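Heads up: the structure comes next, in structure tokens.
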Amino acid sequence: VVKILGAEIPVVVYVAPSGGRAASAGVFITLAAHTAAMAPGTNIGAAHPVGLGGGQMDKEMAQKVTNDAAAYIRSIAEKRGRNADWAEEAVRRSVSITESEALKRKVIDLVAPDLPALLEGLHGRKVETMKGEQALQTRGATVREIEMGIRLTFLNIISDPNVAYLLMILGFYGLFFELSSPGAIFPGVFGGISLILAFYAFQTIPINYAGLLLILLAIILFLAEIKVVSGGVLTIGGVISMALGSIMLVDSEAAPFLRISWSVILPVILLTVLFFAGLVTMAIKAQVERSTLGQEGLLLEVGEALTDIAPEGQVMVHGETWSAGSDEVINKGERVRVVKLDGLKLKVKRA
């Protein structure tokens with residue numbers, strides 16, 4: 001804004017395409033331009049200050065910040081000859097208006113459906129810059145688009161609330177896999193980088209720490225379900241905690257356009273539940289499954305009596321010869337089943 005106000009060449013801000021908006025800091029930038037234009041189907045407003053990075057301002061501090069922002073935007077509007085009263089309302093009450101209302105209230109200078117129409121509408125307009133009054137000569141002007149560089153494009157992508165949310169979840173998963181299988185390296189590296197990028201992105205988004213803590217609690221509850229089988233109580237608690245945390249993660253009242261999409265939240269919760277449900281199933285199966293190794297693996301196995309067992313003799317089980325005893329007489333060649341282990345001696349019965 002400061003650079004625009006002090007620019008020596010005319011600066012035009014064009015809010016486009018249809019469906020776009022100039023909100024929050026975008027309102028300040030639009031009002032600071034020498035000429036402000038909007039495309040049909042766009043809106044401008046909702047410039048109330050919010051605490052970025054999860055910072056929550058107390059009532060007194062919030063009032064000070066709001067008063068300062070209101071005075072600042074009012075001075076910008078007055079300097080450009082725009083509606084200062086509406087500009088202050090956009091800060092104090094987060095009001096928002098369409099492009100037609102903005103033109104009617106003298107918030108912007110013109111409405112243009114596309115870039116050629118904008119250039120035609122700008123032609124001949126006179127604006128006051130730091131070098132004095134200048135007339136715009138835009139009819140038939142060549143348009144040169146300057147794309148964001150790789151660095152800014154990357155930062156713009158990860159600053160999207162949905163992307164930041166996914167990076168955080170992937171970071172937790174990565175660290176979980178690394179802690180579960182120490183030495184895997186890749187999950188730990190991937191998870192660490194994802195978490196750092198997520199927390200960097202959170203610095204530009206009004207994050208609610210209560211939502212973040214609820215998501216962390218959900219992960220803990222899912223992990224606890226693996227160690228302590230609760231009959232699904234911990235899993236249900238984890239699902240509720242993750243759902244509430246995902247909804248609360250972004251302070252949507254202060255910045256509704258930054259809220260996380262349900263099309264992202266629901267798949268993440270579903271995949272998380274399925275993932276940990278699979279882990280719980282495998283953990284339970286491992287605990288109740290009969291061992292197939294060592295002497296324990298002989299229990300209930302079927303073999304053959306190599307001698308008469310009355311009450312002792314020898315049997316063949318798993319291709320091995322064992323001493324065996326039985327409470328019943330078993331003849332040589334009959335099939336037997338192992339029912340008990342007693343050191344290096346098996347107790348069997350007729351199969």
Side-chain angles (χ1 to χ4, degrees), residues 1-39 41-55 57 61-112 118 122 125 127-130 136 146 148 152 155-156 159-161 201-207 250-259:
V1 172
V2 174
K3 289 184 178 180
I4 293 175
L5 293 175
E8 296 181 352
I9 60 174
V11 176
V12 178
V13 170
Y14 181 39
V15 182
S18 296
R21 65 170 67 88
S24 194
V27 181
F28 288 77
I29 295 172
T30 303
L31 295 181
H34 296 99
T35 303
M38 296 176 67
T42 56
N43 63 78
I44 183 172
H48 188 79
V50 296
L52 297 181
M57 297 181 288
M61 178 58 69
Q63 185 176 5
K64 288 181 178 180
V65 173
T66 300
N67 289 338
D68 179 69
Y72 186 42
I73 201 169
R74 188 176 189 88
S75 68
I76 293 172
E78 290 175 349
K79 180 177 177 62
R80 296 303 188 208
R82 299 198 169 97
N83 191 330
D85 291 334
W86 179 87
E88 185 172 347
E89 287 293 293
V91 169
R92 294 191 181 279
R93 297 175 50 210
S94 286
V95 296
S96 184
I97 55 177
T98 63
E99 83 288 344
S100 57
E101 292 176 299
L103 182 63
K104 183 178 179 181
R105 296 191 185 190
K106 296 183 178 180
V107 175
I108 61 173
D109 302 300
L110 72 154
V111 174
L118 173 64
L122 291 173
R125 285 180 175 269
V127 296
E128 191 69 29
T129 68
M130 293 301 290
L136 300 177
I146 302 176
M148 286 192 295
L152 291 179
L155 295 179
N156 181 59
S159 294
D160 183 290
F202 287 161
Q203 297 302 309
T204 62
I205 304 171
I207 294 298
V250 177
D251 188 357
S252 57
E253 291 186 3
F257 52 90
L258 289 177
R259 64 167 58 99

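No experiment lies behind these values; they were computed from the predicted model shown.
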Under 3.5 Å, is there a donor-acceptor pair between the side chain of Ser96 and the main chain of Ile44?
yes
Going by the rule salt bridge (charged side-chain N to carboxylate O under 4.0 Å, His left out), which residues pair with Arg105 if we only count those two or more places apart in sequence or in a different chain?
none
Could you pull out all residues at least two apart from Asn156 that satisfy side-chain hydrogen bond (donor to acceptor under 3.5 Å, both in side chains)?
none
Heavy atoms of Ala87 and Ile73 approach each other most closely as O-CG2, 3.5 Å
Does any part of the side chain of Leu136, heavy atoms only, come nearer than 4.5 Å to the side chain of His34, both counted from C-beta?
no
Run the side-chain contact (heavy atoms from CB on, under 4.5 Å) test on Met38 and Val107 for me, step by step, so that the C-alpha distance in whole Å, both residues' side-chain angles and the decisive distance to 0.1 Å come before the verdict.
CA-CA 10 Å; Met38 296 176 67; Val107 175; over 6 Å; no
Gly45 versus Ala90, closest heavy-atom pair with distance:
CA-CB, 4.5 Å
For Ile97 and Val95, what are the C-alpha separation, side-chain angles and deciding distance, and is it a side-chain contact (heavy atoms from CB on, under 4.5 Å)?
CA-CA 7 Å; Ile97 55 177; Val95 296; 5.8 Å; no
Would you name the heavy atoms of Val27 and Ala22 that are closest together and state the gap between them?
CG2-O, 3.3 Å
Please name the pair of heavy atoms, one in Ala69 and one in Val91, separated by the smallest distance, quoted to 0.1 Å.
CB-CG1, 3.8 Å
Please find the pair of heavy atoms, one from Ala32 and one from Val1, that lie closest to each other, and give the distance.
CB-CG1, 3.9 Å
Atom CE of Met148 with >12 non-hydrogen neighbours under 6.0 angstrom:
yes
Report, one line per pair, each donor and acceptor closer than 3.5 Å where one atom sits in a side chain of residues 4-17; sequence neighbours left out.
unit_1 : atom_1 : unit_2 : atom_2 : d
Tyr14  : OH     : Ala112 : O      : 2.6
Tyr14  : OH     : Asp114 : N      : 3.4

Taking salt bridge (charged side-chain N to carboxylate O under 4.0 Å, His left out) as the cut-off, I'd like each qualifying pair that reaches into residues 73-83, sequence neighbours left out, listed once.
Arg74-Glu78, Arg74-Asp85, Arg74-Glu88, Arg82-Asp109
Nearest heavy-atom neighbours spanning Val111 and Ala39:
CG1-C, 4.4 Å
Name all residues meeting the side-chain hydrogen bond (donor to acceptor under 3.5 Å, both in side chains) criterion together with Asn83; count only those two or more places apart in sequence or in a different chain, and write none if there are none.
none
For Ser100, all residues meeting side-chain contact (heavy atoms from CB on, under 4.5 Å), sequence neighbours excluded:
Thr98
Say you draw a straight line from NZ of Lys104 to CD of Glu101; how long is it, rounded to the nearest 0.5 Å?
8.0 Å
Rounded to the nearest 0.5 Å, what separates atom OG1 in Thr35 from atom CG in Leu118?
9.0 Å
